[in-house]
Amino acid sequence: MTLAARLRDNKAVYTVAGAGDLAVEKLREVPEQVGRLRENVTRYQGEVRENVTKLQEEVRENVSRLQERVEGTDLRELAGAYVSQVQGMIDELAERGKKIVARVENQAATQELTESAKRTQRKTRAAVEEAGKTTRAAQRAAGDASKKIGT
C-alpha cells in the first residue's frame, strides 16, 4: 500500500485537514469581531468592572455550595458526556477533512502533479536500471583488462 493510500485511509489526517479548514474559516471572521469587541469594551467598561466584582462573590458562594452537592457518579456521567461530545467533534472534523482532501485531489493542478511524479518515477527507475547495466559492463571490461595485463 502506497503512502498516499495509507494517508487517504487515515482518519487522523482527515481530522487535521478538517481542523485546519475550520481554523482558516474562523480566522477570516476575526478582524470584524475584534472591531465589534473593541467598540463594546469601551462602551461597557465601567459596567463590566462592577459586574465582575459582584460575579466573583457569587461564584465563590456557588462553588462552595456545589462542592458540597457533587458526587462521584455525577462527575463520571459528565466526563462520559464530554467524551461523547469530543468524539462527535472529531468525526465532524474528519468528514470536513475528507471533503477538503477530495477537493484538492480532484483539482487539475493536483492531477498534473501526480502524473508528473509518476513520469519522473518511471524515468528514475529506467535511469537506475541503465546505470546498473553500465556498472556491470564496466566491471566486466575491467576484469577483462586485468586478465589481459596479467597474462
Side-chain angles (χ1 to χ4, degrees), residues 1-140:
M1 180 180 274
T2 66
L3 176 61
R6 276 187 262 158
L7 287 176
R8 227 177 270 115
D9 294 336
N10 190 330
K11 186 176 183 178
V13 170
Y14 290 126
T15 302
V16 170
D21 184 53
L22 180 62
V24 168
E25 179 182 306
K26 294 303 177 187
L27 283 172
R28 287 184 179 140
E29 299 169 2
V30 167
E32 182 183 317
Q33 290 175 353
V34 167
R36 275 187 271 136
L37 289 173
R38 187 175 291 141
E39 290 172 10
N40 288 339
V41 165
T42 55
R43 189 179 313 144
Y44 300 113
Q45 199 169 13
E47 248 180 84
V48 168
R49 283 190 183 126
E50 292 173 21
N51 288 336
V52 165
T53 305
K54 289 178 190 175
L55 288 173
Q56 283 175 334
E57 294 169 11
E58 286 180 31
V59 166
R60 285 187 193 112
E61 291 171 13
N62 288 337
V63 166
S64 296
R65 272 188 274 132
L66 288 173
Q67 282 176 336
E68 295 169 4
R69 291 182 13 194
V70 172
E71 294 182 24
T73 55
D74 294 338
L75 292 176
R76 279 192 293 272
E77 289 173 13
L78 187 61
Y82 282 129
V83 167
S84 296
Q85 199 173 18
V86 168
Q87 287 173 339
M89 289 173 63
I90 287 173
D91 290 342
E92 287 175 21
L93 289 173
E95 275 306 307
R96 186 178 185 136
K98 280 183 184 179
K99 290 175 186 173
I100 293 292
V101 169
R103 190 169 61 212
V104 170
E105 282 181 339
N106 293 327
Q107 289 178 345
T110 304
Q111 300 290 329
E112 291 171 14
L113 184 61
T114 301
E115 286 305 313
S116 175
K118 288 177 182 176
R119 282 192 301 274
T120 302
Q121 190 176 25
R122 284 192 299 271
K123 288 178 182 178
T124 302
R125 282 189 191 130
V128 167
E129 218 173 277
E130 196 59 39
K133 289 178 185 176
T134 303
T135 301
R136 288 188 293 278
Q139 287 173 338
R140 279 193 302 275

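- Considering only residues two or more places apart in sequence or on other chains, E61 meets the side-chain contact (heavy atoms from CB on, under 4.5 Å) condition with R65.
- Of the residues R96, K99, K26, the one that meets the salt bridge (charged side-chain N to carboxylate O under 4.0 Å, His left out) test with D21 is R96.
- T114 contributes a side-chain N or O that, together with a main-chain N or O of T110, makes up a donor-acceptor pair within less than 3.5 Å.
- Under the side-chain contact (heavy atoms from CB on, under 4.5 Å) criterion, T120 pairs with S116, T124, not counting sequence neighbours.
- For Q56, the side chain to side chain donor-acceptor pair (under 3.5 Å) test picks out no residue, with sequence neighbours left out.
- Scanning for side-chain contact (heavy atoms from CB on, under 4.5 Å) contacts around A94 gives K11, Y14, T15, with sequence neighbours left out.
- We find the CD-CD1 distance between E105 and I100 to be 12.0 Å, quoted to the nearest 0.5 Å.
- The CG atom of N62 sits 12.0 Å away from atom CD of E57, with the distance rounded to the nearest 0.5 Å.
- Applying the salt bridge (charged side-chain N to carboxylate O under 4.0 Å, His left out) criterion to E95, with sequence neighbours excluded, gives K98.
- Within the structure, salt bridge (charged side-chain N to carboxylate O under 4.0 Å, His left out) contacts touching residues 117-126 (residues at least two apart or in different chains) are E115-K118.
- Residues satisfying the side-chain contact (heavy atoms from CB on, under 4.5 Å) criterion with V24, sequence neighbours excluded, are R28.
- By the side chain to side chain donor-acceptor pair (under 3.5 Å) test, E32 pairs with R36, sequence neighbours left out.
- Considering all non-hydrogen atoms of both residues, G97 and A17 come closest at CA-CB, 3.8 Å.
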